[in-house]
S.K.: 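This is the structure I have questions about; it appears just below.
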Amino acid sequence: MRILLLATGLLCAVSAQAQDLLYAQRGNPSALLVNPAADVDARVWLAIPAVNATVQTSFAAGDVLGADLGTLWRQFPSESAGALTYDDIQLFSLGFKTKKSTYWLGSSLNVDASGLIDRDLVGFALWGMKDANGIIDLNYDGNFNQTSAVASARANLHLGWQREFGKKLRLGATLNLTQILAHAELQFDSLGLRSTDMGNGFNELLLISQGSVAAYSGAGIDFLNGTFNFDADKLFATSFATLDLGATYDLGKRWRLAGSIQGLGVGTSLTADSAASFNGRIPFQGFAYNSGTDTSVSALAYFDTLSVQIQNLIQTSAVGLASFSPLRRFDLAGYWRSPKKTHQLGLHYLARTRPALSYQAIAAEYHGFYGRRWQLSASYTQPLVGTVAMRPSVSVQTTVRLAAGLALNLGTSSANMLPQVTSTGGQPTIGFPANMDRINLNVGLHWMLYEKSYRENAKARRAAKKANRETQRAARKAITLLLSTPERGLYTV
C-alpha cells in the first residue's frame with residue numbers, strides 16, 4: 001500500500017523551482033518569462049520549445065516508508081494525500097535588441113493537474129472505523145471534504161518590451177493574451193461518513209455529500225453528455241489579457257536589486273459546459289434475513305437499492321459563473337556580485353499562485369558566469385507556506401553553449417531528492433530519500449547572438465592588460481638602465 005501511495009504520487013505525470021534560477025541567469029532568453037527586466041545579454045535570439053515539468057506529492061517518501069504505515073499515517077503532516085503536476089511549455093520566443101530597447105514575441109502553454117484524497121478517507125480505507133488501539137468505534141464520524149481534483153490547460157501569447165535607462169536601471173513589461181483551453185474541477189463542501197451506535201451491538205451508517213464537478217472549455221464540449229456545441233462568443237469569453245512588470249537596479253558595482261510581478265489583471269468568468277452535483281444523505285441500515293420466514297429479502301436487492309440511492313445523488317445541474325484568475329508570480333531579489341561579475345550570491349523571495357499549487361518561499365542562490373560558454377546556478381529553497389506541505393529543495397541550472405550560436409539549458413529543483421541505487425545482499429535496490437516529494441526537469445534549446453558590448457568590453461580588458469604589461473616592462477628597463485650607468489656611480493648587482 002505504501003509503495004502504491006508513493007508510486008501514484010511520483011509516476012502519474014511529469015514543473016518549477018529550477019525555472020526560478022533563470023531569474024538572474026544571463027545568456028538565456030527564457031529568463032524573460034520570469035522577469036521581463038532580466039539581463040539576457042542578447043542582441044537577437046530564437047528559442048525553440050522548452051519544457052519545465054514537475055510532479056509533486058503532498059507528502060515525502062519518509063512519511064509513508066521506513067516504519068509501520070499505521071504509525072506513520074496517523075502522524076501524516078497534510079490534510080490530504082495525493083499528487084499534482086504543473087508544467088510550463090515555451091513553444092517559441094523570438095526577440096532582438098536595438099540600441100537601448102529590447103522587443104520579443106513568444107508563446108507558451110501552462111498545464112496544471114492535481115488529485116487529493118482526504119487523509120481521513122485514506123485512513124478509513126486502511127482500517128475502517130478502528131481507532132488507534134484497533135477497536136471499532138460504533139460512533140465513528142469521518143470528515144472527508146478535503147478530497148478534490150482539478151485539471152487545467154491554458155495557452156499564452158507574449159509581447160514584451162525592455163528599456164535600459166543609463167547603466168543602472170532596466171525596466172521591462174510583457175503583455176500576455178491568455179486562452180483557457182480546458183478546465184475541470186471536483187470539490188466537496190461536505191463529504192463524510194457518520195456511524196450511530198444502535199445500542200444492540202449494531203450501528204447505522206449515514207453517507208453525507210455536498211459537492212460538484214464541472215468542466216469548462218472554449219469549444220463548448222459537454223463532457224457528461226458527449227455533445228459539442230461551438231459558440232464563438234464563448235471562445236472570446238475564455239480569453240483575457242494580463243500584464244507583467246519587472247525592474248533591475250544596480251546600487252553600485254557590487255550590488256543589484258531585482259523585482260517583478262506577473263499576472264496583473266482580473267481574469268475572466270465562465271459558465272460550465274457540463275456540471276453535476278452530489279447532494280444528499282444516504283442511510284445504511286443493513287437488513288435482517290431469515291430464510292424460514294422471509295424469502296423476498298436478499299442481499300442483492302438491498303445493494304441494488306443502495307446503488308439507486310447513490311446514483312440519485314448525482315444530478316446534472318446548472319452552475320453559475322466561475323472565476324478564472326491569471327497565474328501569478330511575485331519576485332524580489334538582491335544580489336552581491338564579484339568585482340568581475342563572474343560570481344553572484346543573493347537572496348530571492350518568491351510567491352506563486354496557480355490552479356494546482358500556491359506557495360511562498362525564500363531561496364539562497366549562487367550564479368556563476370564562466371564566460372559565454374558555460375553558466376552554472378544553484379539554490380537552496382526553504383518553503384514558507386503552501387497549499388500542500390513542501391520540503392526544502394536544492395535546485396541546479398546550467399546553460400552550455402554549443403556550436404553556431406546554439407545553447408542548451410538544463411536544470412532540476414530536486415537535486416537533493418533523486419532516487420539512489422544501492423546494493424542489498426548483492427541485489428540492486430532503489431532507495432528513496434526521506435525528504436523526496438517531487439521530481440522536476442527543466443530543459444530547453446535556443447539560438448542566440450550575444451551583445452557586441454561583451455566582446456568590446458573583453459577587447460578593452462585585453463588591451464588594458466597589454467598596456468599594463470608594456471608599462472611594467474618599460475619601467476623594468478628604465479630601472480635596469482639607471483642601475484647600470486657608471487657616471488652616476490651606480491652598478492648593477
S.K.: Of all residues at least two apart in sequence or in a different chain, which pass the side-chain contact (heavy atoms from CB on, under 4.5 Å) check with Leu46?
M.R.: Leu94, Trp447
S.K.: Any donor-acceptor pair under 3.5 Å linking the side chain of Gln262 with the backbone of Leu33?
M.R.: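 At least one qualifying donor-acceptor pair exists.
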S.K.: Could you report the tightest heavy-atom contact between Ala37 and Gly172, atom names first, then the distance?
M.R.: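 Heavy-atom minimum between the residues: CB-N, 3.9 Å.
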S.K.: Would you check, one step at a time, whether the test side-chain contact (heavy atoms from CB on, under 4.5 Å) holds for Thr85 with Asp87?
M.R.: CA-CA 6 Å; Thr85 178; Asp87 310 299; 3.0 Å; yes
S.K.: Go through the side-chain N and O atoms of Ser239 and Gln179 and say whether any donor and acceptor fall under 3.5 Å apart.
M.R.: yes
S.K.: State whether the side chain of Gln162 and the backbone N or O of Ala38 hold a donor-acceptor pair below 3.5 Å, judged by distance alone.
M.R.: yes
S.K.: Would you call Arg154 and Asp88 a salt bridge, taking side-chain N to carboxylate O under 4.0 Å as the test?
M.R.: no
S.K.: Will you find, in the side chains of Thr174 and Asn176, an N or O donor that is under 3.5 Å from an N or O acceptor?
M.R.: no
S.K.: Fit a plane to each ring of Phe144 and Tyr140, take the angle between them on a 0 to 90° scale, and name the class: parallel (under 30°), tilted (30 to 60°) or perpendicular (over 60°).
M.R.: tilted
S.K.: How about Leu402 and Leu445: do any of their side-chain heavy atoms sit closer than 4.5 Å?
M.R.: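 Touching, per the 4.5 Å side-chain cut-off.
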S.K.: Which pairs count as ring-ring contact (aromatic ring centres under 6.0 Å, His included) when at least one residue sits in residues 381-403, sequence neighbours excluded?
M.R.: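 Qualifying pairs: none.
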S.K.: Test: salt bridge (charged side-chain N to carboxylate O under 4.0 Å, His left out). Region: residues 104-114. Which pairs qualify, not counting sequence neighbours?
M.R.: Asp112-Arg354
S.K.: Can a donor-acceptor pair be found between the side chains of His446 and Ser30 at a distance below 3.5 Å?
M.R.: no
S.K.: Within the structure provided, determine whether Thr381 and Tyr359 are in side-chain contact (heavy-atom separation under 4.5 Å).
M.R.: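 They are not in contact (no side-chain heavy atoms under 4.5 Å apart), so the answer is no.
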S.K.: Is there a side-chain contact between Val266 and Phe240, using heavy atoms and a 4.5 Å cut-off?
M.R.: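 Side chain of Val266 against side chain of Phe240, heavy atoms only: no contact under 4.5 Å found.
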S.K.: Going by ring pair (Phe, Tyr, Trp, His ring centres under 6.0 Å), name the residues that satisfy it together with Tyr380, two or more places apart in sequence or in a different chain.
M.R.: none
S.K.: Between Arg256, Arg170, Lys168, which is the residue that forms a salt bridge (charged side-chain N to carboxylate O under 4.0 Å, His left out) with Asp250?
M.R.: Arg256
S.K.: Stepwise, does the side-chain contact (heavy atoms from CB on, under 4.5 Å) test hold for Leu408 with Val443?
M.R.: CA-CA 8 Å; Leu408 173 70; Val443 60; 4.1 Å; yes
S.K.: Give me the atom names and distance for the closest heavy-atom approach of Gly444 to Ala50.
M.R.: CA-CB, 3.6 Å
S.K.: If you count the non-hydrogen atoms of other residues, nucleotides and ligands that lie under 6.0 Å from CD1 in Ile117, is the total more than 12?
M.R.: no
S.K.: Return the set of residues passing side-chain contact (heavy atoms from CB on, under 4.5 Å) with Ala333 (not counting sequence neighbours), or none when no residue passes.
M.R.: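 Testing Ala333 for side-chain contact (heavy atoms from CB on, under 4.5 Å), a comparison that skips the adjacent residues, returns Tyr23, Tyr335, His348.
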S.K.: Working note: Phe324 + Tyr216, criterion ring pair (Phe, Tyr, Trp, His ring centres under 6.0 Å); need CA distance, chi angles, decisive distance, verdict.
M.R.: CA-CA 11 Å; Phe324 292 85; Tyr216 308 81; 5.2 Å; yes
S.K.: Let's go through His343 and Tyr370 carefully: what are the C-alpha distance in whole Å and the side-chain angles of both, what is the deciding distance for side-chain contact (heavy atoms from CB on, under 4.5 Å) to 0.1 Å, and is it a yes or a no?
M.R.: CA-CA 8 Å; His343 306 285; Tyr370 302 97; 3.7 Å; yes
S.K.: Is it true that Asn145 and Ser190 share a donor-acceptor pair across their side chains at a distance under 3.5 Å?
M.R.: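 No, Asn145 and Ser190 have no side-chain donor paired with an acceptor closer than 3.5 Å.
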S.K.: How about Asp331 and Asn35: do any of their side-chain heavy atoms sit closer than 4.5 Å?
M.R.: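 The answer is no; the side chains never approach within 4.5 Å.
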S.K.: Excluding sequence neighbours, so at least two apart, what forms side-chain contact (heavy atoms from CB on, under 4.5 Å) with Ile89?
M.R.: Val51, Leu91, Leu109
